[in-house]
Amino acid sequence: RLVSSVSINKLALLLAEGERDFSTGEIAVLAATLLMKRLHLHAVNGAGVPAAHRMYYLWTTMVWLTSIEGVCITTKRNLVSDTLPFMFLASRSDVVKPRSASSEPAEHKFGAFRSTIREFSAAQFAQLVEKDHRRLKMMFESQLLPSKDPRKGYGATFRQFVEYQMAAASSQGGPASIVDGDGAAPVAEQCWPTIQGVISEASREVGPLLTVLGVGVDDRSPFCRRFST
């Protein structure tokens, strides 16, 4: 819904109606920000997205959201701390479902516990873990969906997350072949040549968009550049 035709049409109507509270540039930046947020979600959650595309989308959206004004500094820090490790995950040849390595599994687990007992003790937590383990084991062994109730809000994404986990890997891992064992280089060093190329390309191509929408070179994100190390 972030970039649905309904949302974009509403922004277009602001221009058509001559809305004085917002300039054309402000509306354009809002539309671009909605697109970037959707692109970030697609990079993390999308099935069958090539690894190089995931990394490109992640870096582009991070550069955009850390370049514009009006975004809380805490939000920017959270985005950076989420994007950097995910870039390395997505680049690995042995990671075919990077979404499973995000914070989403823990969020769904905690949400399921809270929906049963809103404020639980340590003893109740131990019981909930055992109960939920049996439930999930049966679901995956029998290919059962979590519920017929579509739910609302964040809870509505759990069914899609389960379907994602049940599905066979629909994409290959990343282009960085990982060598493990004694004498092997650290994994980060093995991934870096691949990531370095994506960063350079994404930073170069997002620059003109920032310029068009009024973000000067001095105001751009510190991540919008080439990195040697």
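- Judged by distance alone, the side chain of T60 and the main-chain N or O of Y57 form no donor-acceptor pair under 3.5 Å.
- V96 and V187 fall into different hydrophobic clusters, defined by Ile, Leu, Val, Met, Phe, Trp and Tyr side-chain heavy atoms under 4.5 Å apart, directly or through other members.
- The main-chain N or O of A176 is found under 3.5 Å from a side-chain atom of S93 such that the two form a donor-acceptor pair.
- In this structure, K131 and R135 have side chains that are not in contact, with every pair of non-hydrogen atoms separated by 4.5 Å or more.
- F113 and F120 have perpendicular rings, their planes meeting at more than 60° on a 0 to 90° scale where under 30° would count as parallel.
- Remark: side-chain polar atoms of S81 are paired, donor with acceptor, to backbone N or O of N78 under 3.5 angstrom.
- Although no hydrogens or angles enter the test, the distance criterion places a donor-acceptor pair under 3.5 Å between the side chain of R54 and the main chain of G46.
- M55 has its side chain within reach of T194: a pair of non-hydrogen atoms, C-beta onward, lies under 4.5 Å apart.
- Proximity of H40 to T83: side-chain heavy atoms (C-beta onward) are separated by under 4.5 Å at one or more points.
- In terms of heavy-atom proximity, P193 sits nearest to E189 at CD-O, 3.3 Å.
- Rounded to the nearest 0.5 angstrom, L210 CG and R220 CZ are separated by 5.5 Å.
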Where do S203 and W59 land on the side-chain contact (heavy atoms from CB on, under 4.5 Å) test, with the steps shown first?
-> CA-CA 8 Å; S203 298; W59 196 262; 3.1 Å; yes
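- When side chains are defined from C-beta on, L89 does not count as touching P85, because their heavy atoms never get closer than 4.5 Å.
- Contact record, A51 with G173: CB-O, 4.2 Å, taken as the closest heavy-atom pair.
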Determine, step by step, whether M36 and I68 satisfy the side-chain contact (heavy atoms from CB on, under 4.5 Å) criterion, reporting the C-alpha distance in whole Å, the side-chain angles of both residues, the deciding distance to 0.1 Å, and the verdict.
-> CA-CA 12 Å; M36 292 295 177; I68 62 175; over 6 Å; no
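- A heavy-atom distance below 4.5 Å is not found between the side chains of D82 and S102.
- A pairwise comparison of heavy atoms in A184 and V179 identifies CB-O, 3.2 Å as the closest pair.
- At distances below 3.5 Å, at least one donor-acceptor pair connects side-chain atoms of Q196 with backbone N or O atoms of F227.
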Run the side-chain contact (heavy atoms from CB on, under 4.5 Å) check on W192 and I199 step by step: do they pass?
-> CA-CA 10 Å; W192 176 243; I199 289 175; 4.0 Å; yes
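- Between L34 atom CG and I8 atom CD1 the span is 6.0 Å, to the nearest 0.5 Å.
- One distance of note links CG of L41 with CZ of R99; it measures 9.5 Å at 0.5 Å rounding.
- Formation of a donor-acceptor pair under 3.5 Å by the T61 side chain with backbone atoms of L58 is found in this model.
- Taking CG of L39 as the start and OH of Y56 as the end, the distance is 9.5 Å to the nearest 0.5 Å.
- In this structure, I178 is not a member of the same hydrophobic cluster as V198, with clusters built from ILVMFWY side-chain heavy atoms closer than 4.5 Å.
- Around atom CG of D180, no more than 12 heavy atoms belonging to other residues, nucleotides or ligands sit under 6.0 Å away.
- Applying the side chain to side chain donor-acceptor pair (under 3.5 Å) test to pairs two or more places apart or on separate chains, those with a residue in residues 62-75 are T33-W64, T66-S221.
- Because its NZ or CZ atom is not both nearer than 6.0 Å to the ring centre of F88 and within 45° of the ring axis, R92 does not count as a cation-pi partner of that residue.
- Rounding to the nearest 0.5 Å places CZ of F125 at 12.0 Å from CD of Q127.
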